[in-house]
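Mind looking over this structure? Questions follow.
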Amino acid sequence: DAKTTQPNSMESNEEEPVHLPCNHSTISGTDYIHWYRQLPSQGPEYVIHGLTSNVNNRMASLAIAEDRKSSTLILHRATLRDAAVYYCILVTSGTYKYIFGTGTRLKVLA
Amino acid sequence: GAGVSQSPSNKVTEKGKDVELRCDPISGHTALYWYRQSLGQGLEFLIYFQGNSAPDKSGLPSDRFSAERTGGSVSTLTIQRTQQEDSAVYLCASSLSSGLQETQYFGPGTRLLVL
């Protein structure tokens, strides 16, 4: 199963942008990159996903390296409600189970 | 609309007893997944159902764990002869179908404590 590595924790000030990195050096050509986040005492929720091109939605942006071996989730203006554990997941054709790593715990400072 | 629901929300049991955890997926979702999350850890895949296909059981940690999905909808995860290391939050997710771009919608989980 393809693996991802993320920093254990990061801090950000409220209203500032946050860049959450993810390394996935063993990614294959058809693997999609998905990001989920888990707020305290809740199940994970979808944030964004992409294949090769950068992606934007109302929650965040996803920047994917040209060689696809890394990606960065960008929260443009962090709020206190964005404090959560963020997971970067590779989804492989034929097996759609998610392999979760330990994720990055984001702390947002008021 | 209604999301994924799970019951019970909390379960306390004694070591050696059997437990059943229930998941109601979003209506019309053909794929259903079970994960567990031990305290302070990431999620661990357990089992995956897609339509009428044979489930992917590759994540079940032992033969004490089993799951079924009746009528392509509700799923039950059963743990027999529970052990203390089974204590965790058990999360269910569903998606419209299986695919590289499908979104999994997670339920709130069942918190299991084995004494």
Side-chain angles (χ1 to χ4, degrees), chain A residues 1-9 20 22 24 27-53 55 57-60 62 64 68 84-106, chain B residues 2-7 9-10 21 23-26 29-51 53-61 67 88-111:
Chain A
D1 296 318
K3 296 282 192 272
T4 62
T5 55
Q6 300 175 253
N8 287 334
S9 63
L20 299 167
C22 180
H24 28 79
I27 191 170
S28 71
T30 56
D31 289 349
Y32 271 76
I33 303 158
H34 287 240
W35 284 80
Y36 281 70
R37 71 180 186 182
Q38 187 172 23
L39 280 65
S41 302
Q42 295 187 26
E45 64 175 0
Y46 169 80
V47 178
I48 201 167
H49 76 276
L51 180 63
T52 57
S53 302
V55 184
N57 66 21
R58 64 174 180 81
M59 288 183 72
L62 177 61
I64 301 172
R68 299 206 330 123
V85 178
Y86 287 78
Y87 295 99
C88 167
I89 301 161
L90 298 183
V91 181
T92 299
S93 177
T95 169
Y96 305 106
K97 62 192 181 189
Y98 286 175
I99 306 298
F100 284 82
T102 53
T104 297
R105 182 174 298 279
L106 176 65
Chain B
V4 177
S5 60
Q6 294 186 244
S7 60
S9 52
N10 291 281
L21 312 179
C23 172
D24 284 85
I26 294 172
H29 280 197
T30 63
L32 186 147
Y33 312 78
W34 283 98
Y35 299 86
R36 78 175 173 182
Q37 186 169 32
S38 301
L39 188 63
Q41 303 296 311
L43 281 74
E44 173 191 6
F45 166 79
L46 297 177
I47 188 168
Y48 153 57
F49 296 88
Q50 170 55 58
S53 302
D56 176 352
K57 304 179 182 180
S58 59
L60 294 178
V89 177
Y90 289 81
L91 290 150
C92 174
S94 70
S95 61
L96 190 59
S97 66
S98 294
L100 294 169
Q101 301 195 64
E102 288 294 338
T103 296
Q104 291 190 17
Y105 297 86
F106 285 80
T110 293
R111 190 174 302 273

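Proteins get letters first, then strands, A, B, ... in listed order; numbering begins at 1 in each.
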* Applying a criterion of heavy atom separation less than 4.5 Å, what residues of residues 97-107 of chain B form contacts with chain A? -> B:Ser98, B:Gly99, B:Leu100, B:Gln101, B:Glu102, B:Thr103, B:Gln104, B:Phe106, B:Gly107
* Does A:Tyr98 use its side chain to pair, donor to acceptor, with the backbone of B:Tyr33 at less than 3.5 Å? -> no
* May I ask you to name which of B:Gln50, B:Arg111, B:Gln37 has the most heavy-atom pairs under 4.5 Å with chain A? =>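 Top count of heavy-atom pairs under 4.5 Å with chain A: B:Gln37.
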* Asked: For atom CZ of A:Arg68, is the number of surrounding heavy atoms from other residues, nucleotides or ligands below 6.0 Å larger than 12?
  -> yes
* **Which residues share a ring-ring contact (aromatic ring centres under 6.0 Å, His included) with A:Tyr46, sequence neighbours left out** =>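 A:Tyr46: ring-ring contact (aromatic ring centres under 6.0 Å, His included) contacts with A:Tyr36, A:His49.
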* To do: Select all residues of residues 42-49 of chain B having any heavy atom within less than 4.5 Å of some heavy atom of chain A, and report them by number, or 'none'.
  =>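 Result: B:Gly42, B:Leu43, B:Phe45, B:Tyr48.
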* **B:Leu91 to A:Gly43 - nearest heavy-atom pair and separation** =>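 Shortest heavy-atom contact: CD2-CA, 3.9 Å.
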* Got a sec, which residues hit side-chain contact (heavy atoms from CB on, under 4.5 Å) with A:Gln42, two or more places apart in sequence or on another chain? ->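 Listed in chain order: A:Leu39.
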* Measure distances from B:Ser58 to the heavy atoms of chain A and classify the residue's part below 4.5 Å as side chain, backbone, both or neither. =>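 Just the side chain, heavy atoms under 4.5 Å.
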